[in-house]
Asker: 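First the structure, which I've put down as structure tokens, then a few questions once you've had a look.
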Amino acid sequence: METNKELESIVQPLLAWFDANARVLPWRDSPTPYRVWVSEIMLQQTRVEAVKPFFQRFTEALPDVAALAACEEEKLLKLWEGLGYYNRVRNMQKAAQTVMEEYGGELPADYEKLLKLKGIGSYTAGAIASIAFQIPVPAVDGNVLRVISRITASEKDILKASVKKEVEDEIREIIPPERAGAFNQALMELGAVVCVPNGPAKCDACPLYGQCLARERGIVSSLPKKSAAKPRRVQERTVLIIRDGERVAIHKRPPKGLLAGLYELPNVEGHLGQEEVLKLLKKKHFSPIRIQPLEEAKHIFSHVEWHMTGYVITVEEPERETEYLFVEPRETEENYPVPAAFSAYTKYLQIKLGQEKYKEENKEL
DNA sequence: AAGACGGGGGG
DNA sequence: CCCCCAGTCTT
């Protein structure tokens with residue numbers, strides 16, 4: 001209760017600061033519920049700068065809930081290609097279909113109903129409700145947790161769900177009913193541009209300078225507290241560029257798990273030598289003509305990292321069905337979503353056979 | 001409560 | 001190399 005009284009005093013300075021300093025962002029142009037929704041899903045665990053071009057492209061291709069609900073999966077993933085966390089867009093489509101069926105194509109102006117939609121958790125429900133509908137509910141994300149921890153000099157671990165809930169309760173009590181959306185955005189904006197996560201906080205430019213306990217005590221840089229993350233596990237993989245003249249092999253990943261439903265270059269566990277690769281391909285009934293080793297590459301996900309090596313293998317045109325899809329390199333770029341994890345190797349889809357540098361190191365079979 | 005789930009930018 | 005981001009879902 002004490003804290004709330006203190007916190008109450010941040011409302012007016014924060015709103016005044018936001019009114020004068022709000023960034024111009026594409027989704028702030030005409031903040032319809034749909035556009036707010038799309039932006040909030042894209043912004044989950046993703047920086048504003050990264051989202052901008054995706055938001056533009058996505059909302060032009062799919063301008064409303066009906067278009068999103070009806071979009072073909074491949075096209076949907078292609079629009080999301082490079083943004084990561086691909087379940088976000090699949091869940092958003094499921095939610096769009098629910099909105100079509102249950103709410104006549106209009107997002108409900110109701111926090112609890114929003115919360116029930118696939119892919120909308122407490123943060124996103126609060127963001128849509130407050131920004132699109134002016135409903136006075138909290139929208140607590142990483143920015144808000146950081147700002148509030150510092151203002152209150154809280155040493156609590158912000159990764160704990162209980163702490164997030166406490167902060168939501170605190171915000172709920174001070175949120176100005178007439179400016180709910182502006183207040184939530186102001187809190188996040190402050191976290192994004194002043195009370196920053198990386199590097200020194202810009203306290204000299206902060207509208208809450210005089211009310212920040214962490215600043216007063218000189219402990220800004222040590223907050224917020226977060227429990228240590230687990231180390232990533234390392235996985236070795238061998239990536240295969242399998243080509244038969246013009247076409248190249250790609251493979252659709254399973255519908256669940258890492259990079260679900262996206263297309264990949266064929267790849268196998270372990271770092272294989274040339275002979276092992278050839279043996280493997282023959283077992284899969286390919287007839288290799290030549291093989292060329294490629295450089296090593298690394299791709300880091302949040303919880304795992306791939307240490308990859310690769311080969312370009314030219315094979316004779318397969319006579320029977322394979323587990324792979326053979327497509328024109330150009331078509332891959334245009335129609336098949338391939339995650340960034342393979343970007344070190346996708347350039348080899350295009351190299352013309354017989355080019356000098358490529359030929360020199362070729363091993364003819 | 002813990003783990004899975006991408007990718008990129010900044011120090 | 002590390003951190004962390006306008007988080008959510010599943011187990």
Side-chain angles (χ1 to χ4, degrees), chain A residues 22-23 25-28 31 35-55 77 80-92 94-95 114-132 138-147 157-165 168 181 183-193 195-201 221 224 226-233 253-262 264 298-306 337-344:
Chain A
R23 288 173 291 180
L25 301 174
W27 43 93
R28 286 180 177 165
R35 288 166 61 84
V36 172
W37 179 28
V38 172
S39 71
E40 291 302 341
I41 299 296
M42 286 186 171
L43 286 161
Q44 290 171 3
Q45 298 290 286
T46 310
R47 290 189 164 73
V48 164
E49 287 309 314
V51 165
K52 282 181 182 173
F54 285 92
F55 178 82
L77 286 172
W80 209 264
E81 179 188 42
L83 256 186
Y85 287 130
Y86 298 91
N87 266 337
R88 286 186 293 177
V89 72
R90 268 190 283 258
N91 286 337
M92 188 165 58
K94 280 181 203 144
L114 289 168
L115 193 55
K116 287 196 178 101
L117 294 170
K118 222 37 171 166
I120 298 186
S122 71
Y123 163 74
T124 306
I128 298 173
S130 64
I131 298 170
V140 175
D141 70 339
N143 285 312
V144 177
L145 287 169
R146 182 173 57 258
V147 169
D157 178 1
I158 63 165
L159 291 184
K160 293 177 69 175
S162 59
V163 172
K164 180 177 173 183
K165 195 176 247 336
E168 285 174 341
F183 179 72
N184 282 335
Q185 292 183 82
L187 224 32
M188 295 189 274
E189 190 98 346
L190 188 73
V193 308
C195 199
V196 292
N198 293 318
S221 63
K226 307 180 82 164
S227 45
K230 286 209 159 176
R232 280 186 295 267
R233 62 179 186 277
R253 292 178 62 86
K256 296 233 179 258
L258 186 66
L259 304 172
L262 277 76
E264 64 183 351
K298 178 157 40 172
H299 187 82
I300 300 175
F301 301 93
S302 37
H303 56 297
V304 60
E305 57 185 82
W306 283 355
V338 178
F342 296 97
S343 60

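Every chain is numbered from 1, with letters handed out A, B, ... down the list of sequences. All values derive from a computational prediction rather than experimental measurement. Worth knowing before you read on, the calculation uses all heavy atoms, side chains too, and leaves out hydrogens, waters and symmetry mates.
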Asker: Indicate, with a heavy-atom threshold strictly under 4.0 Å, whether A/Ala341 touches base, sugar-phosphate, or nothing.
Answerer: sugar-phosphate

Asker: Find which nucleotide of DNA chain B each of A/Lys230 and A/Ala260 is nearest to by heavy atoms, and output the residue with the more 5' nucleotide.
Answerer: A/Lys230

Asker: Nearest whole angstrom, please: distance from the C1' of C/dC2 to the NE2 of A/His303.
Answerer: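 That distance rounds to 18 Å.
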
Asker: Determine whether A/Val140 and A/Leu145 make a side-chain contact, defined as any pair of heavy atoms from C-beta on separated by less than 4.5 Å.
Answerer: yes

Asker: Map A/Lys256 and A/Ala50 onto DNA chain B by nearest heavy atom, then report which one ends up closer to the 5' terminus.
Answerer: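 This one resolves to A/Lys256.
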
Asker: How many Å lie between CD1 on A/Ile158 and P on C/dC4, as a whole number?
Answerer: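 Between P of C/dC4 and CD1 of A/Ile158: 8 Å.
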
Asker: May I ask you to verify if any side-chain N or O of A/Arg233 is less than 4.0 angstrom from the OP1 or OP2 atom of B/dA4?
Answerer: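 Yes, such a contact exists.
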
Asker: Roughly how far, to the nearest 0.5 Å, is OH of A/Tyr123 from CD1 of A/Ile128?
Answerer: 9.0 Å

Asker: Using side-chain heavy atoms (C-beta onward) and a distance below 4.5 Å, is A/Thr124 in contact with A/Ile41?
Answerer: yes

Asker: Return the 5'-most residue of the pair A/Lys298, A/Pro224 with respect to DNA chain C, ranking by each residue's nearest nucleotide.
Answerer: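 Whichever sits nearer the 5' end wins; that is A/Lys298.
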
Asker: Enumerate all atom pairs, one protein N or O and one N or O from nucleotides 6-9 of chain C, separated by less than 3.5 Å.
Answerer:
residue: C/dA6; atom: OP2; partner: A/Asn143; partner atom: OD1; Å: 2.8
residue: C/dA6; atom: OP2; partner: A/Asn143; partner atom: ND2; Å: 3.2
residue: C/dA6; atom: O5'; partner: A/Asn143; partner atom: ND2; Å: 3.0
residue: C/dA6; atom: O4'; partner: A/Asp141; partner atom: OD2; Å: 2.3
residue: C/dA6; atom: O3'; partner: A/Leu43; partner atom: O; Å: 3.4
residue: C/dA6; atom: N9; partner: A/Tyr123; partner atom: OH; Å: 3.4
residue: C/dA6; atom: N7; partner: A/Glu40; partner atom: OE2; Å: 3.4
residue: C/dA6; atom: N6; partner: A/Arg28; partner atom: NH2; Å: 3.1
residue: C/dA6; atom: N1; partner: A/Arg23; partner atom: NH2; Å: 3.2
residue: C/dG7; atom: OP1; partner: A/Gly142; partner atom: N; Å: 3.2
residue: C/dG7; atom: OP2; partner: A/Gln45; partner atom: N; Å: 2.6
residue: C/dG7; atom: OP2; partner: A/Gln45; partner atom: NE2; Å: 3.4
residue: C/dG7; atom: O5'; partner: A/Gln45; partner atom: N; Å: 3.4
residue: C/dG7; atom: N7; partner: A/Gln45; partner atom: NE2; Å: 3.4
residue: C/dT8; atom: OP1; partner: A/Gly121; partner atom: N; Å: 2.8
residue: C/dT8; atom: OP1; partner: A/Gly121; partner atom: O; Å: 3.4
residue: C/dT8; atom: OP1; partner: A/Thr124; partner atom: N; Å: 3.0
residue: C/dT8; atom: OP1; partner: A/Thr124; partner atom: OG1; Å: 2.7
residue: C/dT8; atom: OP2; partner: A/Tyr123; partner atom: N; Å: 3.4
residue: C/dC9; atom: OP1; partner: A/Gly119; partner atom: N; Å: 2.5

Asker: Looking at every strand, decide which applies to A/Ala340 at a 4.0 Å heavy-atom threshold: base, sugar-phosphate, or nothing.
Answerer: sugar-phosphate

